[in-house]
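Okay, structure first, notes after.
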There are 2 protein chains.
Amino acid sequence: MSLDEKVGQMGGIRRLLESNLSFNATKFADINTLENGNLGFGAMLNRAEDVLPIANAIRAKQINSTRLGIPYITVTDSVNGPYLAGGTLFPASLSMSSSWNLPLYEKVVEVIRDENMALGTHWVLSPELEVAKEPRYGRVGEMYGEDAYLVGEFGTQYVKTMQERDSQGYVKVATTIKHFVYGLPSGGVNTASQYGGMNHIFNDLALPYIKAITEAKPLSLMASYASVDRVPMSANRYMLQDVLRDKMGFEGLIMSDATAVYHLYTQSKIAASPADAALKAVRAGLQMELAPQQPATFPTLVDVSSSDDLAAIDEAVRQILEIKFATGMFERPLPSVSALETTLRAPQHLEAARNISRESIVLLKNNGILPLPSTNSTKIAVLGPFADIINAGSYAANNCSSPLFGSTLLSSLTASLGPSNILHVPGVDILSTDPSTSHINDAVTAAKSANLAILTLGSLSVNLEDPLWTQRTDGEFYAHASLSFPGLQQDLLNAVLDTGVPTILVLSGGQAFVLDDSALRADAILHSFLGGEFTGDALVEILFGRVNPSGKLTISLPKSDGATPINYDYLPSDDQGGPSSGVAKSSAWQFPLLTRDPPMGFGFGLSYTTFEISGPSVTEGFDEDGEQVFEIAATVRNTGTAAGKEVVQLYFRQLYSGIERPVKRLVRFRKVELGSGEVGNVSMSVLARELGYYVDMEWRVDEGGYTFYLGSSSRDEDLQSVDVVVR
Amino acid sequence: MSLDEKVGQMGGIRRLLESNLSFNATKFADINTLENGNLGFGAMLNRAEDVLPIANAIRAKQINSTRLGIPYITVTDSVNGPYLAGGTLFPASLSMSSSWNLPLYEKVVEVIRDENMALGTHWVLSPELEVAKEPRYGRVGEMYGEDAYLVGEFGTQYVKTMQERDSQGYVKVATTIKHFVYGLPSGGVNTASQYGGMNHIFNDLALPYIKAITEAKPLSLMASYASVDRVPMSANRYMLQDVLRDKMGFEGLIMSDATAVYHLYTQSKIAASPADAALKAVRAGLQMELAPQQPATFPTLVDVSSSDDLAAIDEAVRQILEIKFATGMFERPLPSVSALETTLRAPQHLEAARNISRESIVLLKNNGILPLPSTNSTKIAVLGPFADIINAGSYAANNCSSPLFGSTLLSSLTASLGPSNILHVPGVDILSTDPSTSHINDAVTAAKSANLAILTLGSLSVNLEDPLWTQRTDGEFYAHASLSFPGLQQDLLNAVLDTGVPTILVLSGGQAFVLDDSALRADAILHSFLGGEFTGDALVEILFGRVNPSGKLTISLPKSDGATPINYDYLPSDDQGGPSSGVAKSSAWQFPLLTRDPPMGFGFGLSYTTFEISGPSVTEGFDEDGEQVFEIAATVRNTGTAAGKEVVQLYFRQLYSGIERPVKRLVRFRKVELGSGEVGNVSMSVLARELGYYVDMEWRVDEGGYTFYLGSSSRDEDLQSVDVVVR
C-alpha cells in the first residue's frame, strides 16, 4: 500500500448524504481522496430504504474502482437504534439502564445489531461507558448511570451481543467503547477538561472499560474530547499507551472523537497547526480520525517521513483492516433493500422496544392516586410542553413533535380515552421565559375543569435536524447551570398545584431535575427520561395500572443546583466536615441543609405493590479454584395486591482500607417478578476478590471486615446488612 | 531523651483555657503527660492580659519542673491577628488580598507578628496558601483568592515578615504554610476529598507552596484534612515525601491539622484504630499532631519498636527542637504583661488595620449615587441583618454583635451623621426562613421614609464562642449549597428595591454571592467581605467619598449556583463545547446562558475616578545572567476628578503549549496612586522562564509565541495585549 492509501484507511466519509438525500459529488470526491476507510450515512432523518441504494452504489464503486479494492466499512452512531429513520427507536441508555433488566437489554441489543446489519453497518460508535458523576453534563442521557458496576454490566452486555459471531465466524457488528475516559467535565461543560488521579480514575471511571475489555474484547475504543489532568486524550500517550494498552490490556483500534484532533489546534491549543495535531495524535496512539466537520487533520500524514511515525501508521492500518476482515467486509454481499424492509421495525423488534420502555419509567412519588381507575370516566387535563412530544434523545432518528414513528403521551392518551376526555393545554413552551408567550391561566382553567391533571415538564433532547431543535436544552453540547425546569415550566407547575387539583407530574429528559418543595406537592411523579417511541403508550399503561412500574433510578436526583456531586457512592470523608453541633449538624451542605444522600437516590423507584425483603443471610465457602466466595441469599415477598417486579440490589463496604473507599458500592443486582403474595428466593454469589480496589493501577484485596447491604435501593433505610470477613 | 519524652514533644496542650479563663488541672495533667511539646491558649475570647500570667506560670513550670526542662513553644492560629481578645483585629485574608497592596500588607503582618510575640507566641498556624477555586467552600474567606500567583505573593510576604530574624538572630515567629494541599473539596464540603493529577496540582494548587518554600523557607507545614486522589494527606507518603520533600524541596516540619490523624480512623476509614492511624501518619512523614479534640493518637507511639519508626520519631523531635532553637525558646525571657499592654492595639497598629480595611472593600456597581454628598442632610434607612454586626471571620477574637473592639456600620454611621439621621431596621434576621419572624414591611417603610437606603446582606462568619454563632453560615465547617443570601434576605432586598428608593447594597461575608437580576437593580453595590474592626468606619469613609475605593475582587462572583467553577484562569477547552449555532452559541452553560467569564470577575473593582491605561509596550532584553526578560511598560492616567488608586494587572497566555494552559494567568500587579489628571508610569519586568509550567512535576518553558495582557481587571474588555516570542 502506498502511504496515501494507508492514510486513506485512517479516515472516512462521515456524511454521505445531507438532509433530503442531498449528495455533493465534488465534496465527496475531495474528502474521499485521503479519507476512504469507512463510510457514515450522514443526516440521520433520511429514510433507511432511500439511503441504502445510494450507499450500496458508493460501496460497490469503492470495491470495484480503486487500485486495491478495499471496501469501506460502514461506521455509524447507534445510541437509540440504527442511525437512519425507519429503524426501531429504542429509549436512550439512561432509560434502558433504569430497567435494571439485563436479559431484556440483551434482546434490545440484538435488535439494534440486526437492524444495523440490514443497513450494512458493521461498526458502531457505541457503547458509552461514561460513569455519570456530573448531573450538569448534557450527555448523561446517553449513559447508563452513575454507578461503575451497573455501567460495566450494561456496556459489556452491549459489546458481547453486538460482537456475536455469525455462522461464518464473522463478528456481526464491531463496537467502540467510549469516550475513554470521561464523566466529570469541569462545570459539566461539554468537552471540558477533567481532573486526574489514577486512584480516582481506576476506581470510578475506568472500571467499565476494564470489564468490557476483559470480558468482551471490543474491537475499538474512542478517546474522549477531554483533557485529563491537562493533557487532551487525543494526544495523551500516557493514558492511551501506558494506561489503556499496558495496564488495562486493550488490544483493539483507538479512534478519535469527531473533529477531536483538530481541536488540539483550535481548542486545547496544544498543537500549532492541523499537521502538528495529527502528528501528536498518531504519536500518542490514535489510529483513526473521525472528522465529520472538515478539515480533517490525518490527510496531512501523507507528508510524514520518520520511521516511528510510518510504523505507527502501519499499525493503525493493520488494526483497521483487521476489523474489516473480522466483520467480513471483504466477503459479505451488500445488503438488499428487500431484506432491509423485512428487518427494520419487525414486530418482535417493536415488542422489545415496548417492553424496555415499560420497565424504564421510574415512579418517584405516589400518594395513592396511581394507578388511575381503568374505568376513568372523568376528563383529564393534559398539560405542559412535553405532552405532545417524543423526547427521544439527540441521537434519535425521529422528529419530536411530528414523529415519524411512535406516539406522544397525548396521542396515546387520546387513543386510549377518546378525544372528548382530553383537555390539552401546553400552558408554556419549553424554553421561553417571556410571560407574554405563556398560557398558564388556560392550563389552570383546564385543570380545574377536568379535576385531574397530567402535567409534563422537562428538558428537550432532540437531534440537530429536528424542527424543534432551537428548544433543545439537553444532550450533547449542553450543560445545565440549573437543574430546575427551563423557561416558565416551574411557574406552570406551581400554578397548577396551587389549584389543589389532583396532579400527576411526568418528567421528560435525559437528566436529573431538582424537585423543590413546591414540585413535591404533586400527587404522583414519574420520570420517563428519554423513553423511545413507545414512551406515550408505556406511560398510559402505567397510569392506568396495566403495567406496574418497575424502573429504578440509575442517577441520583440532587436537592439543589449547588448540592453536587450527588452520587450515592461518595467517599466517607465527603460528608464529615460540617459543624459538630447546632442546626447544621451532620449536614454536608448548609443552607439549605443537605446531606450527600438525596431522598431520591440511585436505585430508588416505587411500585404499585410492596415488597418485603428478608434480612440477607450469607454462606461463606470456596469455589472450585479455591477462591473465597460469599453466597448472599434473601427472600422477597410481594406483600401487595398487584403483580410486580422488584430490583434486589446488593452493595458492600470495606470497614478499613488502604485508600478511601466509597460508603457503599453496588456489586450485584437481580430483577425478580412476583405475583401478589408470591415469595421468591434470591441468591447472589460474590468472590472475595471482587471486593478489592485499585491502588496505583494495581488491583488489591485486603483481608478483614466487610459489610454487605441488600435491599431495594441505595438508601440506608432500604437496606439490611450482613458482615463478612475476607481471609 | 526517653521515647516518652520524644513522643511528648510531638504533641501539645492545644487548649490551655476554656471560656472565662476556666482551667481544668486534671485534664491538663492528663494531656500534658504525653503531649507537652507546645502550648495553645484555648478559648479565643479570653483577654490577652488575663491569659498571659497563667500561660507564663505554665511555661515556667514546664522549664523548671521537668527532667529535661525543654520549654513549650506557643503555637496558635493567627488568621486575623493574635488568637486572644485584645489584639488588633485585622480583616480576613480574602479582604486583605482584595487591597492588592503588598507593601501595606507587609506592615499588617509586622503588627500581627509583634502582637503575637508580646504574648509569647512564636509559632503560628498561618498562612493559608489554598487557592480558592471552589466558591462553595466555607473557608474561602481565610484564603487570598483564586489566583495562584496572588496567593503566592501574599503568602510569601507573610512568611518573610513573620520569620524575620531579631537582633539576636532568632526567628521572630515561625510560620506554618497550610493546608497542603487543598482548595477544591468535593462539593465544596469541608474536609472532603479532592481529585489528583500532578499537572493540575502543580500548576494550580502547589505554586504558592513552591514559591514560599523557595523564597521564604517556612519552618513548618500543615497537611490538609483532605484525601487527595483517595489518600488522606495525613497518611499520604507520596505527597509528603516524594512530592513535598523531594520535588518541592521542603525541609521544615510537617504537622497534622487538628484531629486529622484521628480522622484516619473515624472518617476516612483507612486506619483500623487510633494507634494504626498514628503509625500510618508517622510513616507517611507527619511529625507533630494537633489534637485539640482529644483523644490524640500520637501518645500511642510510645509503644513502637521498629527501628524505622523510632528513626522517624527522632527526626520529628529534631525538627521540633530546631524550631524551638531557631525561635529562641531556650533563651528568650517570658513576656511581661506590661510590655503586652503597650504592644497590643498600639496606635500605629490600629492605623495599619484602618488602612487595609479601606483598601479591602470592593465597589462592584455605582450608577453615580456614590459618593454620597458629605453634606448629606437627609435621613438614611440602614437596613438588613448585617448593619449592626462586625462580621469578622471564624478565627476572629471578637464578638460580632456586641464587639469588644471596633464599630459596626450602624455605629459608624450614627457617629458620623448623628442618631436622628438614621432609621435602623434589620427587617430580617440572617438565617430564618420563617416569614412570621421578619419585618420586611418595616424596612420598606423606613426606606420610603428616608428616601435613601443602605441595605446590608450577607453570610455570617464568626467564631464558635460568639453569641450569634447559631446564625453562622460561613467559615470553617460550612459549605454553601447556594451562594444566594441565606434566609429571607433576598426577599428583603427585592422588597426594598421594588420601592424605587435609591439603595446602596453592602455585602458582608467571606465568600462570593450570586447577584441575580433583581439585586443588580441596586444603585450601588459594595462587597466588604470580612473587613476587620474598622469595616464600619471604612464603609462610611467610602460612602461619603472621604476614601476612594480601590479594592479589586480576588475571587470571581458566579452568576448561578450551578455555574461553577468560575475562576478566570480556566482552560481553553473548558468553554468550547457548546452548540455551534442558535441562541446558546458560545455559552459554556445553557439555561441560563452563561459563559465561563463572569461580569464581576477576578481583578474587577470600581473607583470614584476613572483611569486610562495606555496600550502596553514591551522591551525585550537579557538580564545579567543572560536570561531573556520582558519589560512591559504602560502609562496610567487619572482621567477623573478624584485622587485614587488603580491596580494595574499583567496577565499572559502561551499560544501553543505542551499541555493545556489557562486562557490567561496573572504574572504581575502594581497598585498606583494618582491625583486627578496625574499620569504615572508603570513598568514590570518578567523573565521568560517565569512563563513556564509544570509537566510531570518538572518546570518547562517553551520557545514560541506568548501574549501579555495589561489592564485593570482580568476581564477581556479591561485588557490590552502585546505579543512576544520566547527564544
Side-chain angles (χ1 to χ4, degrees), chain A residues 136 186-187 189-193 195-200 203 225 227 229-232 263 267-272 431 470 473 477-483 486 560-565 570-579 582-584 588-592 594 655-660, chain B residues 136 186-187 189-193 195-200 203 225 227 229-232 263 267-272 431 470 473 477-483 486 560-565 570-579 582-584 588-592 594 655-660:
Chain A
R136 294 174 292 181
S186 172
V189 173
N190 186 43
T191 80
S193 66
Y195 295 115
M198 284 300 152
N199 291 330
H200 156 57
N203 289 298
Y225 284 114
S227 288
D229 196 26
R230 309 292 161 105
V231 185
H263 289 178
Q267 297 194 357
S268 308
K269 307 283 190 187
I270 69 143
L431 194 49
T470 57
T473 54
F477 314 120
Y478 290 78
H480 311 292
S482 169
L483 292 165
S560 166
D561 286 332
T564 64
Y570 57 84
L571 300 182
S573 69
D574 284 353
D575 74 340
Q576 291 280 353
V583 64
W589 291 287
Q590 296 80 26
F591 314 110
L594 295 168
L655 269 58
Y656 302 103
S657 48
I659 63 174
E660 267 207 75
Chain B
R136 293 174 293 180
S186 172
V189 173
N190 187 41
T191 80
S193 66
Y195 295 115
M198 284 302 152
N199 291 330
H200 156 57
N203 288 299
Y225 284 114
S227 289
D229 197 24
R230 310 292 161 105
V231 185
H263 288 177
Q267 297 195 358
S268 307
K269 308 283 191 187
I270 69 144
L431 196 48
T470 57
T473 54
F477 313 120
Y478 291 78
H480 312 293
S482 170
L483 293 166
S560 168
D561 286 333
T564 65
Y570 57 84
L571 300 182
S573 68
D574 285 353
D575 75 339
Q576 291 281 353
V583 64
W589 290 288
Q590 296 81 25
F591 315 108
L594 295 168
L655 269 58
Y656 301 104
S657 47
I659 64 174
E660 266 207 76

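Every chain is numbered from 1 and lettered A, B, ... according to where its sequence line falls, protein lines coming before strand lines. Heavy-atom basis, side chains included; hydrogens, waters and symmetry copies ignored.
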Next item on the list: Give the member of B:T473, B:T470, B:N203 that has the highest number of heavy-atom pairs under 4.5 Å with chain A.
Entry: B:T473
Margin query: With a 4.5 angstrom heavy-atom cut-off, is it the side chain or the backbone of A:L655 that approaches chain B, or both, or neither?
Written below: backbone
Note to self: I need the residue from B:Q267, B:H480, B:M198 with the largest number of non-hydrogen atom pairs under 4.5 Å to chain A.
What the structure shows: B:Q267
Margin query: On a heavy-atom basis, which atom in B:P232 and which in A:E660 lie closest, and how many Å separate them?
Written below: CG-CG, 4.4 Å
Item checked: Under 4.5 Å from any heavy atom of chain B - which part of A:S482 -> both
Note to self: If you compare all heavy atoms of A:R230 against all heavy atoms of B:L571, which two are closest, and at what distance to 0.1 Å?
What the structure shows: CD-CD1, 3.4 Å
Check: Which value, rounded to the nearest 0.5 Å, describes the distance between A:S193 atom OG and B:I659 atom CD1?
Finding: 11.0 Å
Note to self: If I compare all heavy atoms of A:D575 with all of B:V189, which pair ends up nearest, and what's the gap?
What the structure shows: CA-CG1, 4.4 Å
Notebook entry, point to check: What class does the angle between the rings of A:Y478 and B:F591 fall in, given that below 30° is parallel, 30 to 60° is tilted and above 60° is perpendicular?
Noted result: parallel
Notebook entry, point to check: Based on non-hydrogen pairs under 4.5 Å, which of A:A563, A:G582, A:A588, A:P486 is most in contact with chain B?
Noted result: A:A588
Notebook entry, point to check: Which heavy atom in B:S268 sits nearest to a heavy atom in A:P572, and how many Å separate them?
Noted result: O-CG, 3.8 Å
Item checked: When B:G562, B:A584, B:G658, B:P565 are compared by non-hydrogen pairs under 4.5 Å with chain A, the top option -> B:G562
Check: Considering only heavy atoms from C-beta outward, does the side chain of B:R136 approach that of A:T564 to under 4.5 Å?
Finding: yes
Check: Between B:Y195 and A:Y195, what is the ring plane arrangement, given parallel below 30°, perpendicular above 60°, and tilted in between?
Finding: parallel
Check: Is any side-chain heavy atom of A:N199 less than 4.5 Å from a side-chain heavy atom of B:D229?
Finding: yes
Check: What are the two closest heavy atoms between A:S560 and B:A481, and how far apart are they?
Finding: OG-O, 3.6 Å
Notebook entry, point to check: Highest number of heavy-atom pairs under 4.5 Å with chain A: which of B:T191, B:L431, B:I270?
Noted result: B:I270
Item checked: Closest non-hydrogen atom pair between B:D561 and A:D561, with its separation -> CB-CB, 4.2 Å
